[in-house]
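Step one of this worksheet: look at the structure below.
This structure is a prediction, so every number in the text was calculated from the model and none was measured. Atoms within each ligand, like the ligands themselves, are counted from 1 in listed order.
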Amino acid sequence: MNYVIIGNGPAGVIAAETLRKTDPSGNIVLIGDEPEPPYSRMAIPYLLVGDIQEQGTYLRKDKNHFEALGVEMIVARATKVDSANRQVTLDNGRQLAYDRLLVASGAYPVAPPIPGMDLPGVYPCWTMENARAIAKLAKPGARVLQMGAGFIGCIIMEALANSGVKLTVVEMGNRMVPRMMTEGAGGLIKKWVQSKGIQVFTSTRVEAIEKGAGEALRVKLSNGEVMEYDLVISATGVRSNVSFLEGSGVKTDEGVLVDDQMCSNVPEIFAAGDVAQACDFSTGKMMVNAIQPNAADQARLAALNMAGKVTRSQGSLAMNVLNTVGLIASSFGQWWGAEEGGEHAELMDDVNFRYLRLEFKDDVLIGATSLGLTQHVGVLRGLIQTRVHLGEWKDKLLHDPTRIMEAYLAQAQAATIAA
Ligand SMILES: Cc1cc2nc3c(=O)[nH]c(=O)nc-3n(C[C@H](O)[C@H](O)[C@H](O)COP(=O)(O)OP(=O)(O)OC[C@H]3O[C@@H](n4cnc5c(N)ncnc54)[C@H](O)[C@@H]3O)c2cc1C
């Protein structure tokens with residue numbers, strides 16, 4: 001059996017390892033187009049603050065790990081997939097035959113259509129190469145503008161704040177992390193970030209970036225502000241890497257559309273990680289769930305199915321845990337609430353930066369958002385994932401959402417014991 005994996009990030013690496021365990025004699029080829037050994041983008045913030053060196057970002061620390069597993073590593077870019085002849089073309093001219101193909105090519109940062117995005121000093125924070133460029137400029141006292149305060153933006157913010165730069169954050173949405181946090185939580189995160197000395201503009205756009213004095217960049221905002229910065233970081237969203245699938249017959253939307261075995265509409269082609277669009281646990285809709293634990297789960301599942309061990313996904317659960325300059329925020333499942341007929345409980349303690357919002361459909365917890373309440377995170381996830389009927393506990397939680405642990409002990413534990 002010839003297995004080819006396009007992409008050597010967490011999804012590609014975990015798939016290669018799972019394939020080797022499941023099919024000891026198959027040929028496995030792992031292709032990546034970055035010159036580094038396989039690494040974790042998640043570790044980039046730690047690299048930026050100097051907590052780790054580049055080697056600390058590597059997914060596997062042993063240099064001979066892949067060779068010992070009998071996994072062939074190729075540094076090249078896949079440019080085409082010919083599904084009729086089961087062949088992948090690489091940018092070095094090589095053709096690779098496959099029996100099963102895994103697309104684990106992740107995503108790339110999208111630059112907003114603003115003049116000046118190509119100037120030196122303007123970078124996304126996505127690759128190791130980006131991290132090196134940012135580290136050179138993000139010195140203590142440097143003036144840094146960050147465009148975008150989504151999930152990745154908030155994670156980078158933590159690293160930048162710890163590097164001692166003078167940071168300004170500009171977000172187009174009306175609050176921080178608008179696609180992962182409720183209005184209440186996003187507003188509280190903004191207040192927290194401002195209390196740490198970071199300037200934040202929400203409902204504001206960067207309109208243009210020009211060359212300023214010396215090496216500086218002059219940035220014009222939609223609120224009329226014009227300021228000079230030493231570094232501009234763009235964290236304004238990503239898009240799946242699927243262009244090489246054009247003409248392959250593989251169906252894509254926001255990513256490669258996959259079924260509950262991570263298989264695309266072409267039976268020998270699978271997808272996992274940031275590039276895959278799979279069924280969402282809460283809504284049943286097709287969603288890209290671009291976080292590393294999801295990439296790992298999907299990769300394991302895809303590899304088992306590729307090797308003939310039929311294994312199905314329950315759907316991918318939205319699960320966002322975020323540390324924004326020391327404030328832990330999390331959102332799970334259908335955190336924005338039911339489409340219709342739902343109920344919610346919201347507790348806001350903006351003096352102590354604590355927040356909890358629970359979303360119910362009938363007597364089932366379907367989503368939750370919390371801030372500064374880390375002890376509840378496992379329980380929230382557990383209740384949502386197991387769809388436990390809360391019975392009388394729903395009304396109690398509507399009155400006091402902080403009793404979530406008691407509800408879990410009473411209902412979920414009881415259900416486990418009964419089973
Ligand atoms: C700064 C930062 C911080 C983050 N922090 C967190 C966090 O705290 N928690 C969390 O859960 N997630 C975090 N993420 C997101 C997480 O890194 C991704 O969800 C994860 O990397 C997805 O893994 P993947 O293997 O699907 O894709 P990737 O890690 O993107 O790997 C895909 C690989 O495929 C390569 N590739 C693409 N196209 C081709 C091609 N045509 N040919 C060959 N190779 C190709 C890419 O260059 C890349 O090396 C963070 C991301 C960033 C950028």
Is it true that the NZ or CZ of Lys190 lies under 6.0 Å from the centre of Trp192's six-membered ring and within 45 degrees of the ring axis?
no
Over 12 non-hydrogen atoms of neighbours within 6.0 angstrom of NZ in Lys285:
no
Axial cation check for Tyr39 ring with Arg60, 6.0 Å and 45° limits
no
Applying the side chain to side chain donor-acceptor pair (under 3.5 Å) test to Tyr3, which of Asn27, Asp99, Asp23 qualifies?
Asp23
All side-chain hydrogen bond (donor to acceptor under 3.5 Å, both in side chains) counterparts of Gln298, not counting sequence neighbours
none
Atom CE of Met181 and atom CG of Leu371: how far apart are they, to the nearest 0.5 Å?
6.5 Å
Heavy-atom contacts under 4.0 Å to ligand 1, chain-then-number order, include exactly Ile6, Gly7, Asn8, Gly9, Pro10, Ala11, Ile31, Gly32, Asp33, Glu34, Arg41, Met42, Ala76, Arg77, Ala78, Ala104, Ser105, Gly106, Cys125, Trp126, Phe151, Ile152, Ile155, Asn241, Phe244, Gly273, Asp274, Ala290, Ile291, Gln292, Pro293, Ala295
